[in-house]
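Below you will find the structure I want to go over with you.
So that the names make sense, note that chain A is the first sequence line, chain B the second, and so on, each numbered from 1. Below, all heavy atoms of this structure are taken into account, side chains as well, without hydrogens, waters or symmetry copies.
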Amino acid sequence: MSITDSPPRAGTRTARRRRSSDRGFNRGFRWIAVGAGVLILVVLAAVALFLLWQAWPALTAGGDELAAEVPRFPADTSFLGYVGPLVFGTLLAAVLALCLAVPVAIGIALFISHYSPRRLSQVLGYLVDLLAAIPSVVYGLWGFLVLAPVLTPFWLWLNENLSWIPLYGGQASTTGRAMATVGVVLAVMILPIITAVSREVFLQTPKLHEEAALALGATRWEVVRTAVLPFGRSGVISAAMLGLGRALGETMAVLMIISPGFSYSLDILAAGQHQTIAAYIAADFPESTGLGINTLIAAGLVLFVITLAVNMTARWIVARRKEFSGAN
Amino acid sequence: MAQRIEVKDLNIYYGDFLAVQDVAMTIEPKSVTALIGPSGCGKSTYLRTLNRMHEVIPGARVEGKVELEGVDLYGSDVDPVAVRRNVGMVFQRPNPFPTMSIRDNVLAGVKLNNKRISKPDADDLVESSLRGANLWNEVKDRLERPGSGLSGGQQQRLCIARAIAVKPQVLLMDEPCSALDPISTLAIEDLIGELKSEYTIVIVTHNMQQAARVSDRTAFFNIAGTGKPGKLIEMDDTSTIFSSPAEKSTEDYVSGRFG
């Protein structure tokens, strides 16, 4: 760049040497950039191929064969009938977590970006980031030992008084080791990432748009509603999808809290109803061999596909209203 | 519906820094008042005190009085939100809400404060506001398209339509043409000439020909040096300011000898 812009000095040795080393850097940087991009594709393809290759025996085996070799495989069903409840449990846990976490995260992000005094907002920002630094096994311990007992009376109350709502029906667990508790723990775990990304997006709202709203006589909430939230909409969706991705794949916390089961039940307060794919793989892997391992890997493949589909849906949602976004 | 603004002993601060000192000024209704002066002299800052937009900057504050038909805008029982509904503003760079359609942009101010408006009323308001901003014929077939898809000059007129849709008494314009090409500028200047029959208009401009073309009265602001407060040097009929101003510095500025 600098070479082409500067007046021609060809002929002097320094200029020629600088030009050649500059070109070297240019080319080197270009290859590093291209290489990094290709590496991502290679890793993704390698993982997908590994999953397909290892899952293939389980995908092609008959139900009877699987039932004979795989522990906890129900009789008279195919692979799909077996993985179905796991997919259901995974999605239920992730959606519960997302429903709980997104409104709270948007609230915290808005408070930090537009309401709190500057000093408080910095402290709050650090605290939220700290939540992200807690290992998931610690969340699992905390959920099992602390949160579950605390929440149980509340779950029992919901079950007693609001059981006409499908989610709160069934026989509520007296230990709190049910999907509802998992949802709460997962919500806490994905809160930091959603909050952090939303906060950054809200802070980037152009001053011009906020002032436009203010000059029309908007209150602080109306500025948020007319300028900040519409501008941050696609960013918040991306943030939620990042959180959803983490919730879908979360293993340790779910494994430690939930009392597993294989059903399509919506009773999130009941024990022994649900299991997620990731937690199921972790739980059964140590005692599996042969076709059992292939079955677990096939379940992993399903999770991979779900996560991919979620991400692509999110991108599609964001792209659909591109011309109304703040980008142009 | 236009109203008179009376400014008395106004001092404008950013924190401890005195940005504009001792302004006293009467702005007549149904006229265009231009604020001119070199960069940094505080004319934009002063303009923003007329609808209490100055105070949204952290640490910014004001001493003195700005009276709209005798009511002090900085009185303790005055809500800044109400002031801004009464005193509209158009900014230097066109700023339609990018996530809203043209129609929704015009209605944005009206829909604030949870006001409900029936669809026929809304349609009428959209049309009259866009006609008022000389934009109706250009956009009437694409009211549902995003406002950010218009040209710069059209966007600025959309912002003017949005500002007049809430039926303010006063319209403040902060260098409304500085980001526009000459043809769009001409369109906005024509529009200002039409709007002054209904509104009190105050316009900040760096373009002295523009001040001479559009305004009835002109106020010249100046600054003694960096770090010193800006001051109102003199205010008079525009023809007087540009032909025989009372102050030497005004004459130097309008004749292009500095600034």
Out of curiosity, A:L208 CG to B:F91 CZ, how far, rounded to the nearest 0.5 Å?
->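 Those atoms lie 7.0 Å apart.
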B:R84/A:E211 ion pair, N-O < 4.0 Å |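 A salt bridge is absent here (no side-chain N lies under 4.0 Å from a carboxylate O).
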Return yes when atom CD1 of A:I40 has more than 12 non-hydrogen atoms of other residues, nucleotides or ligands closer than 6.0 Å, and no otherwise.
->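 Incorrect, the count does not exceed 12.
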Mind ranking B:R52, B:M89, B:R162, B:Q92 by heavy-atom pairs under 4.5 Å with chain A and telling me who comes out on top?
->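 It is B:R162.
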Could you tell me the separation between the CG atom of A:L216 and the CG atom of B:N51, rounded to the nearest 0.5 Å?
->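 The CG atom of B:N51 is 10.5 Å from CG of A:L216, to the nearest 0.5 Å.
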What part of B:P80 lies closer than 4.5 angstrom to a heavy atom of chain A: side chain, backbone, both or neither?
->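 It is neither, since no heavy atom gets under 4.5 Å.
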Would you find a donor on one side and an acceptor on the other, under 3.5 Å apart, between the side chain of B:N95 and the backbone of A:H209?
->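 No, the answer is negative, given that no donor and acceptor are paired below the 3.5 Å cut-off.
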Interchain contact, B:V90 with chain A, by part (heavy-atom threshold 4.5 Å) |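 For B:V90, no heavy atom lies under 4.5 Å from chain A.
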What distance do B:T99 atom OG1 and A:L229 atom CG have between them, rounded to the nearest 0.5 Å?
->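 One gets 10.0 Å once the value is rounded to the nearest 0.5 Å.
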A:E210 versus chain B, heavy atoms under 4.5 Å apart: side chain, backbone, both or neither?
->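 For A:E210, neither part sits under 4.5 Å from chain B.
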Of all the heavy-atom pairs spanning B:V81 and A:A218, show the shortest one and how long it is.
->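 Heavy atoms only, the tightest pair is CG2-O, 3.8 Å.
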Atom CZ of A:R315: over 12 foreign heavy atoms under 6.0 Å =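 Result for CZ/A:R315: open.
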